[in-house]
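Report on one structure; see the data block that follows.
Everything numeric in this text was worked out from a predicted model, so none of it was measured. Just so it is clear, the values below take in all heavy atoms, side chains as well, and ignore hydrogens, waters and symmetry mates.
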Amino acid sequence: NNTDLRGLGSNRTLVLVNGRRFVAGSPGSGAVDLNNIPTAMVERIEITTGGASAVYGSDAIAGVVNIVTKTSFDGLAIDASTTRPTEDGGEEEYASLTFGSDLGKANFVTNISWSRQGQISYMDREFLREAPIVVRNPNANGPNDPQAIMWGHGQQVLASYSKTGTFESNGTRYTFSDDGQIRPMDLGQPLPPLTSGRVDYLGGEGYNFAENSFIKTPLDRINFFTVMNYDINDDHKFTMEASYTKSEAYGESSPAFLNFKLYDDNALLSPEAAALVTAGEEKPGGGVKLGYLASDFGNRKYSQDRTTARLALGVDGALSDTWSYDVYATVGHVQADTEWYGEIFEQRFYDSVDVIKDADGNLVCRDEYARANGCKPLNIFGRGQYDEAAYNWVSTDAIRRSSIDQYVAGASVSGDLFELPAGFIAAAFSVEYRKETAETLPDPAMRDGLLFGNQSQPLYGEFDVTEASAELSVPLLQDVMLVQDLTLETAFRYMDYSSSGSDTAWKVGINWALNDDLRIRANRSKSVRAPNIAELYNPSSQTFRTINDYCATSFRNRINPDYLDNVLANCAAQGIPTDFEPSQDWYGSTRPGFIVGNPDLQNEVADDITLGFVYTPSYLENFSLTVDYWKFDMENVINSFSGAEVVKYCYQSSSTDNDFCPLLERDPDTHEIVNYYEKPVNSASSVTSGFDIEANYRLETGFGDWGFRLFSTYLEERSFNPTGFADDEVKSAGE
């Protein structure tokens, strides 16, 4: 549960607890999981959106959310609730106990809370089970036409997979009954082609998307949070914050879905099935492609145990009548261990279903190397046709351990420097050292890519940063014409990252009170965000995406005409025929690729502007109006390109000599895209601007005092450009 100010991304919102950093929620990220801070402990929440990076450091481009917790509590509070949907699934329970006491020089407040939520699958809700279906618009003749339309409602089924195996022969799709007999597949009503060209069905046998999708997964969480204070003497105080959160999450997705070649001499086939395989071959002995949904192995499931622990110690107090200090240190640790069930050794599976008879007439795996390593014949042509030994040789579980460590130490002093005619110059100076480490260690089988699904490599990344900042509040004028008081507010921060080098952030602001009724404020600042560990050091990990092939004949009417000549030239330069079209099998599933980090990333930079006023008219004492204009102009924005975008920019470029074509791999024989790499780069820019309006009115009556409050945000501009080319700019305001 992350915050995301201004919609600029949770990694660009800095979350503090009592003014100090909190450990991130997931390895590699900088975003804080708010679930680790019990709501019963929250006293108030302070939000700063302009120039916060100069005061608080990186990650504060959009602003800072400072969660201020209770520091004292004398008594006991109990809170309990339950939520029961009118349909099954998704039940929630919550319980909280808060207690504390004042003990002379010492006081404390402690909270223990527990929460639980239940699972909801798409089949549990009619609006998901019978969901809207989106298909390709048959009347789309160009890139500006809607490419997709709503077709209707129902359960969308992908026919190229079945729970007993399915293949095509002579234009008919066949599958196996539960007892292993070959028969035509029970197909539903064919839908219009999807945007990829694939044809799905309404109902019938196959991969039913609703059966294998979940909108809410089970979760149990327990939180412990305590704050303690001890007055050393009248001028100095010791503080401690300690928190511990343990959550157990459970997830579920579809069974493994596999494609493999089925040959007509497979000893598990009946003569009738073997004849249909022969009839369906494109060339003699080439076999047919069979799609199998491994329901006999069960849904792929995972459980995650996550613990978050944090300790913050501090001493603060007075140095003199006008100067105070704060010294603190925090340490945070997250341990997240995930276990997957219902996994399949993919190559073992392919070996075990490719079965022949040996010289003695026994069923054996075709591959001699696989036989030597224990391969057992596995009959998946039906339900429950295999023996236990074959099942155990193919199936497995897997585990991945992940951790985050954060260490922070800092000190600050604040007070009055000297007096000017308009008042004292207030100042604050701070230094801070921070080190972040993240690590993931997947199961050896995951690292070696032996399991069905995403290959995953270990992650280890760390950085440290030393920061120093200064803030000044300078009173310029007081009690002159049109000026009740005029103050200059400035801040400067220097940051030295081990990963991305040194950088600076600054802000300059004016606070001008004309009179008791009107105050005007303006702020200009530079903010920065350093790349996080995942962006820098993500290892090569597998992903799957739906992508379009710009070299496909059927896709040409969807290419921006301004780039069509570039696309055709670049496809030809790679030796791709002009009549090229990927196979239905390529269209029929998401395509594999790899996500990788980029250790050469630099800091993001944002120029921020805030301009506004506060109006409290003396003739209307109970009314106030605040209006602020704000703008975030970001450059050098870190952006990761999806597989689809890699394809797009490779072929729309003026030549294949660009940053994107090397990230694509094609099969030299079929020319189909078989691999791509998604890599973050400092290529994007973003502009977001708008107005915040807040109005308050208090009405006093004989029936009590009534408070009315209006908050409103008007979005003036939201634009994002991933590449820097004018044609790629996307304007979202008004969408």
- Are Ser324 and Asp316 close enough that a side-chain donor and a side-chain acceptor fall under 3.5 Å? no
- Would you tell me whether Ser624 and Thr616 have side-chain atoms, one donor and one acceptor, within less than 3.5 Å of each other? no
- Query: Can you tell me if Ser473 uses its side chain to pair, donor with acceptor, with the backbone of Ala426 under 3.5 Å?
  - Reply: no
- Message: Please evaluate residues Arg21 and Glu436 with respect to the criterion salt bridge (Lys or Arg N to Asp or Glu O under 4.0 Å), reporting the C-alpha separation (whole Å), side-chain torsions for both, the decisive distance (0.1 Å), and the verdict.
- Response: CA-CA 11 Å; Arg21 285 184 178 259; Glu436 305 260 2; 5.3 Å; no
- Could you tell me whether a side-chain N or O of Trp323 sits under 3.5 Å from a main-chain N or O of Asp416, the two making a donor and an acceptor? yes
- Message: Looking only at the side chains, is there a donor atom on one of Asp33 and Ser26 sitting less than 3.5 Å from an acceptor on the other?
- Response: no
- Between the side chains of Ser72 and Asn107, does any donor sit under 3.5 Å from an acceptor? no
- Any side-chain donor paired with an acceptor under 3.5 Å for Asn515 and Asp517? no
- Query: Listed by chain and number, what are the ring-ring contact (aromatic ring centres under 6.0 Å, His included) partners of Tyr629, not counting sequence neighbours?
  - Reply: Phe691
- Message: Tell me whether Asp628 is salt-bridged to Arg521, with the criterion being a basic N under 4.0 Å from an acidic carboxylate O.
- Response: yes
- Query: Does Ser403 reach the side chain of His333, with side-chain heavy atoms less than 4.5 Å apart?
  - Reply: yes
- Query: Any donor and acceptor pair, going by atom type alone, linking the side chain of Asn229 with main-chain N or O of Thr71 inside 3.5 Å?
  - Reply: yes
- Could you label the plane-to-plane angle of the Trp630 and Phe632 rings as parallel, tilted or perpendicular, counting under 30° as parallel and over 60° as perpendicular? tilted
- Task: May I ask you to say whether Asp326 pairs ionically with Arg20, meaning some side-chain N is under 4.0 Å from a carboxylate O?
- Result: yes
- Query: For Thr723 and Ser683, does a side-chain donor sit closer than 3.5 Å to a side-chain acceptor?
  - Reply: no
- Task: Verify the distance criterion only: is there a donor paired with an acceptor across the side chains of Ser430 and Ser412 at less than 3.5 Å?
- Result: no
- Query: Sequence neighbours excluded, which residues qualify as ring-ring contact (aromatic ring centres under 6.0 Å, His included) partners of Tyr325?
  - Reply: His236
- Item | With sequence neighbours excluded, residues passing ring-ring contact (aromatic ring centres under 6.0 Å, His included) with Tyr497 | Phe463
- Message: Keeping Asn11 on the side-chain end and Gly30 on the backbone end, is there a donor-acceptor pair under 3.5 Å?
- Response: yes
- Quick one: does Arg306's side chain have a donor or acceptor within less than 3.5 Å of a partner on Gly25's backbone? yes
- Message: Under a 3.5 Å distance rule, please check whether Asn223 uses its side chain to pair with a backbone N or O of Asn35 as donor and acceptor.
- Response: yes
- Message: Under a 3.5 Å cutoff, is there a donor and acceptor pairing between the side chains of Glu432 and Tyr328?
- Response: yes
- Query: Ser53 side chain to Ile61 main-chain N or O, any donor-acceptor pair under 3.5 Å?
  - Reply: no
- Between Lys526 and the options Asp607, Asp503, Asp633, the salt bridge (Lys or Arg N to Asp or Glu O under 4.0 Å) test singles out Asp503
- Message: For the backbone of Asp405 and the side chain of Lys435, can you confirm whether one donor and one acceptor N or O come within less than 3.5 Å of each other?
- Response: no
- Under 3.5 Å, is there a donor-acceptor pair between the side chain of Glu467 and the main chain of Val431? no
